[in-house]
Enquirer: 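Below is one structure. I have some questions about it.
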Amino acid sequence: MSFAAAKAVQAELERARDDASRALNAIAGVGTGAMGLTPDGIKASPDYRAARRAYDQRHADLAAFNARFVKQYATELAAERAARRQAASKGNHHDHA
């Protein structure tokens, strides 16, 4: 798989994880307890449990992919970071007279 194809797979896995997160957070009562926690009664509901399982699976899928991705494409990722740093430093450069 090429680096570009791997980045596309990563983006799709991130989108799936984000969709699962939004679905989990959309359940009534999530985050309504003390300090923004979800009450145990909500956590015990079938809807919450199903959404949580889906989120946990999407997160695990992304984590497993990233574990391989960062090793296989270390050189390409380092080059991307260097290019971003260089572009950022050009934008922040100030000449002092």
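Heavy atoms only: backbone and side chains are in, while hydrogens, waters and symmetry mates are out. On a predicted model such as this, the values are computed, not experimentally measured, just so you know.
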Enquirer: Between Asp61 and Arg58, does any NZ, NE, NH1 or NH2 come within less than 4.0 Å of an OD or OE carboxylate oxygen?
Expert: yes
Enquirer: Treat each ILVMFWY residue as a node, draw an edge where side-chain heavy atoms are under 4.5 Å apart, and state whether Phe65 and Tyr55 are in one component.
Expert: no
Enquirer: Starting at CG of Leu77, measure out to NZ of Lys71 and round the result to the nearest 0.5 Å.
Expert: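 So the CG of Leu77 and the NZ of Lys71 are separated by 13.5 Å.
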Enquirer: Examine Phe3 and Val9 and state if one hydrophobic cluster contains both, with Ile, Leu, Val, Met, Phe, Trp and Tyr joined whenever side-chain heavy atoms are less than 4.5 Å apart.
Expert: yes
Enquirer: Should the pair Arg17-Glu14 be classified as a salt bridge under the 4.0 Å nitrogen-to-oxygen rule?
Expert: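 No salt bridge links Arg17 with Glu14.
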Enquirer: Which residue in the set Glu80, Glu76, Glu12 passes side-chain hydrogen bond (donor to acceptor under 3.5 Å, both in side chains) when paired with Lys7?
Expert: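 Only one of Glu80, Glu76, Glu12 forms a side-chain hydrogen bond (donor to acceptor under 3.5 Å, both in side chains) with Lys7, namely Glu80.
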Enquirer: Minimum heavy-atom separation for Val70 and Ala67, please, with both atom names.
Expert: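 Shortest heavy-atom contact: CG2-O, 3.8 Å.
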Enquirer: Pick from Gln10, Met1, Arg68: which one makes a side chain to side chain contact (heavy atoms under 4.5 Å, CB included) with Tyr73?
Expert: Met1
Enquirer: Do NZ/NE/NH1/NH2 and the carboxylate oxygens of Asp19 and Arg22 come within less than 4.0 Å?
Expert: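 A salt bridge is present here (some side-chain N lies under 4.0 Å from a carboxylate O).
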Enquirer: Using side-chain heavy atoms (C-beta onward) and a distance below 4.5 Å, is Arg49 in contact with Arg52?
Expert: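 Counting from C-beta outward, Arg49 and Arg52 never come under 4.5 Å.
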Enquirer: Using every non-hydrogen atom in the two residues, find where Pro39 and Gly33 come nearest and quote the distance to one decimal.
Expert: CD-N, 3.9 Å
Enquirer: For Ala51, what residues pass the side-chain contact (heavy atoms from CB on, under 4.5 Å) criterion, not counting sequence neighbours?
Expert: Leu24, Ile27
